[in-house]
Engineer: 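Sending over a structure as structure tokens; questions will come in a sec.
Just so it is clear, the structure is predicted and the values come from calculations on it, not from any experiment. What's counted below: heavy atoms across the whole structure, side chains too, no hydrogens, waters or symmetry copies.
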Amino acid sequence: RYGIEAHLLGLSQPYVAFDVEVTANVNYRVREAGQAEPYYLSTTTTSYTARMDEAEEALFASRLRQANEGAMRKNIRDFVEALMARKPTP
């Protein structure tokens, strides 16, 4: 009944850091089947920090992966929460 499009606009990542913070920007568009206009349109920005003392491995690449995944998980969660809070149109 509804289609969801998600476009990753970008991931802001450091080149080197002890605590790695990544910011994810994603544009979401939800359309009802057969409708041209979006039911819901939003750009969601979230960040996540993988801390050196909490990392599974000390390697920067591992902390960067952790931060990327964390930022995207938060982004998807925020999108779903915002979509569920939206009142349906009659």
Side-chain angles (χ1 to χ4, degrees):
R1 180 176 161 156
Y2 290 92
I4 299 174
E5 294 177 28
H7 298 275
L8 177 61
L9 301 176
L11 288 173
S12 299
Q13 304 168 320
Y15 290 108
V16 175
F18 288 108
D19 292 340
V20 180
E21 181 179 19
V22 171
T23 301
N25 296 296
V26 181
N27 182 272
Y28 294 97
R29 182 180 311 174
V30 179
R31 287 192 181 149
E32 190 171 358
Q35 299 295 318
E37 291 297 315
Y39 167 76
Y40 181 77
L41 182 63
S42 175
T43 299
T44 304
T45 301
T46 54
S47 62
Y48 183 87
T49 302
R51 304 207 181 282
M52 179 72 157
D53 58 348
E54 299 171 351
E56 298 167 3
E57 298 178 32
L59 297 173
F60 171 75
S62 296
R63 293 191 316 279
L64 182 60
R65 178 187 47 79
Q66 236 180 328
N68 284 334
E69 291 172 3
M72 288 306 300
R73 273 194 306 272
K74 286 176 75 173
N75 199 285
I76 294 167
R77 184 194 66 223
D78 287 1
F79 161 69
V80 169
E81 288 175 357
L83 184 61
M84 291 179 68
R86 184 177 167 87
K87 292 186 171 38
T89 56

Engineer: Identify each donor-acceptor pair in which a side-chain atom of residues 69-77 lies under 3.5 Å from a protein atom, sequence neighbours left out, and give them as a table.
Structural biologist:
from, atom 1, to, atom 2, distance (Å)
Lys74, NZ, Ser47, O, 2.8
Asn75, OD1, Tyr28, OH, 2.7
Asn75, ND2, Ala24, O, 3.3
Asn75, ND2, Thr44, O, 2.9
Asn75, ND2, Thr46, OG1, 3.3

Engineer: Looking at every heavy atom in both Ala82 and Tyr40, which two are closest together, and how far apart are they?
Structural biologist: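 Looking at all heavy atoms of both residues, the shortest contact is CB-OH, 3.2 Å.
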Engineer: Any chain of hydrophobic side-chain contacts (each under 4.5 Å) joining Ile4 to Val80?
Structural biologist: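 Yes, it is one cluster - the side chains of Ile4 and Val80 are joined through contacts under 4.5 Å.
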Engineer: Between Arg63 and Phe18 (side chain of the first, backbone of the second, donor and acceptor by atom type, cut-off under 3.5 Å), is there such a pair?
Structural biologist: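 Yes, the answer is positive, given that a donor and an acceptor are paired below the 3.5 Å cut-off.
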Engineer: Val30 and Met84: same hydrophobic cluster, using ILVMFWY side-chain contacts below 4.5 Å?
Structural biologist: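 Looking at the clustering, Met84 is in the same group as Val30.
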Engineer: Roughly how far apart are Arg65 CZ and Gln13 CD, rounded to 0.5 Å?
Structural biologist: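 One finds 13.0 Å between CZ of Arg65 and CD of Gln13.
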Engineer: So does Glu81 have more than 12 non-hydrogen atoms from other groups sitting under 6.0 Å from CD?
Structural biologist: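 Atom CD in Glu81 is crowded, with more than 12 foreign heavy atoms closer than 6.0 Å.
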Engineer: So if you build clusters from Ile, Leu, Val, Met, Phe, Trp, Tyr with side-chain heavy-atom gaps below 4.5 Å, do Val22 and Val26 land together?
Structural biologist: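 Both belong to a single hydrophobic cluster.
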Engineer: Answer yes or no: is there a donor N or O on one side and an acceptor on the other, between the side chain of Asp19 and the main chain of Met52, under 3.5 Å?
Structural biologist: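 Judged by distance alone, yes, a pair lies under 3.5 Å.
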Engineer: Can you name the residues that form a side-chain hydrogen bond (donor to acceptor under 3.5 Å, both in side chains) with Asn27, not counting sequence neighbours?
Structural biologist: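 Only Thr43 meet the side-chain hydrogen bond (donor to acceptor under 3.5 Å, both in side chains) criterion with Asn27.
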Engineer: If you take all heavy atoms of Tyr39 and Glu32, which pair is closest and at what distance?
Structural biologist: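 Here Tyr39 and Glu32 meet closest at CB-N, 4.5 Å.
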Engineer: On a heavy-atom basis, which atom in Gln66 and which in Ala50 lie closest, and how many Å separate them?
Structural biologist: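 Answer, listing the atom of Gln66 first, then Ala50: CB-CB, 3.9 Å.
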Engineer: Out of curiosity, does Tyr48 fall in the hydrophobic cluster containing Leu9 (side-chain heavy atoms, cut-off under 4.5 Å, transitive links)?
Structural biologist: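 No; tracing contacts between hydrophobic side chains, which count when under 4.5 Å, never links both residues.
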Engineer: If you look at every heavy atom in Arg31 and Glu5, which pair is closest and at what distance?
Structural biologist: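 Closest approach of Arg31 to Glu5, heavy atoms only: NH1-OE2, 4.0 Å.
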